[in-house]
Structure formats: structure tokens, C-alpha cells
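What follows is a short report on a single structure.
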Amino acid sequence: MGRVNQEGRAVRTGVDTGRCIGSGMCALTAGEVFDQREDDGKAVVLRPEPPADSWDAVRDAAGLCPTGAITVWTEARPDT
């Protein structure tokens with residue numbers, strides 16, 4: 001499970017597979033969080049709540065996605 005920041009918030013990420021064109025930028029940028037399906041190359045999220053040490057890479061992957069299919073948000077953790 002991902003770590004929380006000082007404000008007790010965690011980063012979460014998701015992929016809109018309807019928008020994804022399979023460019024692979026996410027998997028190349030944050031391979032521990034994203035991969036690609038073998039059948040069509042579309043992105044899949046391996047770790048929807050990535051560890052804190054990959055948050056920057058996840059944000060970079062979202063910024064590099066040519067279709068904007070990756071969403072990154074922070075949310076309060078209910079257990080904090």
C-alpha cells in the first residue's frame with residue numbers, strides 16, 4: 001500500500017482504457033506502477049496506490065501520456 005504524506009494523504013492513479021492508445025509512455029516512465037496489456041497494448045495499473053518513492057514518476061507518466069488517459073489524485077486515507 002502507498003505511504004501517506006505529512007497531511008495524511010495518499011496518491012492514487014487510474015487509467016481510462018477508452019482513451020489509451022497504447023503508446024507505452026506510462027510503462028516506460030513508471031514501470032512499477034503501469035504495464036501494458038499483451039493483447040492490445042493498452043495501459044493497466046499495477047499499483048493503484050503507488051509507494052511514495054514513485055509519486056514523481058507517476059505524475060510524469062500522466063504528463064507524458066499523449067491522450068491524457070492517466071489520472072492522478074490525492075485523497076485522505078480513512079485510516080489516518
Side-chain angles (χ1 to χ4, degrees):
M1 196 165 278
R3 295 177 192 94
V4 295
N5 65 15
Q6 291 177 343
E7 292 80 36
R9 299 180 72 76
V11 167
R12 294 194 48 86
T13 189
V15 173
D16 179 348
T17 56
R19 293 177 69 176
C20 179
I21 60 170
S23 73
M25 293 306 299
C26 58
L28 290 171
T29 305
E32 78 173 44
V33 177
F34 302 101
D35 200 355
Q36 292 180 271
R37 298 190 302 212
E38 288 189 31
D39 60 338
D40 61 5
K42 292 193 177 197
V44 293
V45 179
L46 301 173
R47 300 181 78 177
E49 193 174 303
D53 61 354
S54 65
W55 290 357
D56 288 339
V58 169
R59 288 185 183 102
D60 288 346
L64 291 169
C65 178
T67 63
I70 298 172
T71 304
V72 180
W73 67 96
T74 58
E75 62 181 28
R77 294 280 305 270
D79 58 340
T80 57

Which atom pair, heavy atoms only, marks the closest approach of C26 to A43?
-> SG-CB, 3.7 Å
Pairs touching residues 23-32 that satisfy salt bridge (charged side-chain N to carboxylate O under 4.0 Å, His left out), sequence neighbours left out | E32-R47
Could you give the distance from CD (E49) to CH2 (W55), rounded to the nearest 0.5 Å?
-> 8.5 Å
With V45 as partner, the option from D35, T17, T13 fulfilling side-chain contact (heavy atoms from CB on, under 4.5 Å) is T13
Test side-chain hydrogen bond (donor to acceptor under 3.5 Å, both in side chains) applied to D40 - qualifying residues, sequence neighbours left out | R37
Output side-chain donor-acceptor pairs under 3.5 Å for residues 58-69, partner residues at least two apart or in another chain, one line each.
{"residue": "T67", "atom": "OG1", "partner": "R19", "partner atom": "O", "Å": "3.0"}

Are V15 and I70 side-chain neighbours, meaning at least one heavy-atom pair lies under 4.5 Å?
-> yes
Exceeds 12 heavy-atom contacts within 6.0 angstrom, atom CG of D56 | no
So L46 and V33, side-chain contact (heavy atoms from CB on, under 4.5 Å) or not? Walk me through it.
-> CA-CA 5 Å; L46 301 173; V33 177; 5.8 Å; no
Please report the shortest heavy-atom distance between S54 and P50, naming the atom on each side.
-> OG-CB, 3.4 Å
How about T71 and D16: do any of their side-chain heavy atoms sit closer than 4.5 Å?
-> no
